[in-house]
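Values below: all heavy atoms of this structure, side chains included; hydrogens, waters and symmetry mates excluded.
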Amino acid sequence: MSTAEVTDDDAELTHWHRLDRRMLLIRPVLDLVKSLPVLIGTVILGRGNGWEWFGLGITALTVLIGISHVLTSRYRVADGQVEWTTGLLLRKHRAIPLDRVRTVDVTSEPKHRLFSLSAVRIGTGRHAQGPGSDQLVLDAVSGTEAQRLRTVLLHRKEVVIDAEAAPAPEQVVAEVDRKWLRYAPFTLSGLAVVGAVFAAVWHFANQLQIDPVSVGPLRDLLDVLENTAVWLIVVVAAVALLVVVSLLSVGGYVLSFWNFKLTRETEGTLHIRRGLITTRSVSIEEDRLRGVEVKEPLPLRLAGGARLTAIAGGLREGKGGDKGGGLLLPPAPVGRVHEVAAEVLRENFDPATVPLNRHPRRALTRRLTRAVGGVLILAAVLACLAWIEFLPGWMWQVTVGLLPFAALVGWDRYRNLGHAIVGRYLVSRSGSLARSTVAIRREGITGIVVSRSFFQRRAGLITVTAPLAAGRGGYQVVDVGEAAGLAMAEQAAPGLLTPFLRRTPQR
């Protein structure tokens, strides 16, 4: 049987559905693992006074709540909305109109892949307060059901999915290339892993009152370092750190972007698939796409790379597993990133390379003042601490040596400043250590915010913010001249500023 449309009279598709029962084999184990710190703490600290039973009770209650969530959760798609209900003693019910659905994110972590399950996150694009308030999560459905939900929620039609049917035709926009692994070390993602591991080990050692100097291998290493030149120690440590960070970054790249593929489906949906151990599939309606952002952190930019993200409502913008929902292209050659950006926007121009209007030279003064001034203030503080013999004197001297680098960063930040109105898009660029080029559709702009600080007023500069019900919620054009900024805002969102503009009468 092939994929076919089903009428509203088909009660099977509008009935309440349960979460997959195989989740009952996973959820208690996960809840038990999460409760281990409480359980171990109460057993060790409360031995002999009855507190261990308190820990056991808390653990049992946590496991029972998880089981109750799986058994009582129901969902359905009917009457133009997706409904979800859960709870035994405290019932929760939520309904989201289908026209509010912006994205469907299907994730299969190892715990899901063990039983061929997936978690479906339905993004609404509503930036409410609180974590997860803008999305509905069905954390245990079969792969076939996840595919059905994706089609129903994004394309507003009920379908029956047949595993033996031929897949729907789609256009491949971009695929990962093995050569792109060379950009992984320049993402510095491995540095975060090294920092997290070091902090965890250090915290663990402090909790157990372990002195690192008393550990045999570390003590031997310190004895060797005492007889080694400082410059050699610095060089060896830097090389070792570089190697470790590079290896971890490459490993993270492989795990995150294995089999990455960006496709365009015939129904007008962008579909992103990626992942090795944890697989992820994100679908974005093109009608809901509000723009793209080209991100170029300094190390990646020096290597000639960049990455591309979508600006769309409903995409997760949090931390950890919530990041990367709108990633349209992983770190890749900047030329390829520009090609994909133009293809995604269906435009005959590359938003990342259009000529931009330069900002006044006063913006350069502000950037140099902040960059150089910050280094001078830090050097002065370190010099005072060295004067009272709290810190060695070489620290403030090294800080002063960073002045040329600070001035270069300030100049580069100014050089990257710019904005332009190109067709349907407002394009802006800013940043140096983390340069970003944003192209947003003008029809998606919900207002205009003009602000300026005390120092901006003295320099005749303003910051124009374009609020958007997508991405970060608003995108700025910083330190633009007052007249040019107001003209740009009026052109980007015609009529919004007209009542507030004062026209100078011509003589």
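- A 6.0 Å sphere centred on CZ of Phe455 holds no more than 12 heavy atoms belonging to other residues, nucleotides or ligands.
- Using a 4.5 Å heavy-atom threshold, the side chains of Thr446 and Leu468 count as separate.
- Side-chain contact, Thr463 with Gln456: a donor N or O sits under 3.5 Å from an acceptor N or O.
- Note that the CD1 atom of Ile96 and the CZ atom of Arg100 stand 8.5 Å from one another [nearest 0.5 Å].
- Here the straight-line distance linking atom CD of Glu339 with atom CG of Leu329 works out to 10.0 Å at 0.5 Å rounding.
- The shortest distance between side-chain heavy atoms of Arg336 and His338 does not fall below 4.5 Å.
- Using a 4.5 Å heavy-atom threshold, the side chains of Leu300 and Tyr183 count as touching.
- Here Arg424 pairs with Glu443 in a salt bridge; the nearest charged N to carboxylate O distance falls below 4.0 Å.
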* Verdict with reasoning, Arg121 to Asp139, per salt bridge (Lys or Arg N to Asp or Glu O under 4.0 Å) -> CA-CA 8 Å; Arg121 290 175 171 83; Asp139 56 1; over 6 Å; no
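- Look at Asp105 and Arg274 and you find no salt bridge, because none of the NZ, NE, NH1 or NH2 atoms lies under 4.0 Å from a carboxylate O.
- At distances below 3.5 Å, at least one donor-acceptor pair connects side-chain atoms of Ser108 with backbone N or O atoms of Leu117.
- In this structure the side chain of Gln476 never reaches within 4.5 angstrom of the side chain of Ser428, judged on heavy atoms.
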* Before giving the answer on side-chain contact (heavy atoms from CB on, under 4.5 Å), spell out for Val106 and Arg280 the whole-Å C-alpha distance, their side-chain angles and the decisive distance to 0.1 Å. => CA-CA 6 Å; Val106 179; Arg280 191 169 185 181; over 6 Å; no
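- What you find for Asn357 and Ala420 is that their closest heavy atoms are ND2-CA, 4.1 Å.
- Ionic pairing of Arg435 and Asp412 is not present here: no N-O contact between side-chain nitrogen and carboxylate oxygen is shorter than 4.0 angstrom.
- With hydrogens and angles disregarded, no donor-acceptor distance shorter than 3.5 Å links the side chain of His359 to the backbone of Arg415.
- In terms of modelled atom types and a separation under 3.5 Å, the side chain of His419 and the main chain of Arg358 share no donor-acceptor contact.
- Between the side chain of Arg442 and the backbone N or O of Gly423 there is at least one donor-acceptor pair closer than 3.5 Å.
- Side chains of Val449 and Pro467 form a contact here, defined as non-hydrogen atoms less than 4.5 Å apart.
- Glu296 and Arg429 are not joined by a salt bridge, as no carboxylate oxygen comes within less than 4.0 angstrom of a charged side-chain nitrogen.
- Contact of the Val427 side chain with the Thr437 side chain is registered, since non-hydrogen atoms from C-beta on lie closer than 4.5 Å.
- Looking at Glu175 and Arg273, no side-chain N of the basic residue comes within less than 4.0 Å of a carboxylate O on the acidic one, giving no salt bridge.
- Shown here are the side chain to side chain donor-acceptor pair (under 3.5 Å) partners of Asp20, two or more places apart in sequence or in another chain: Arg22.
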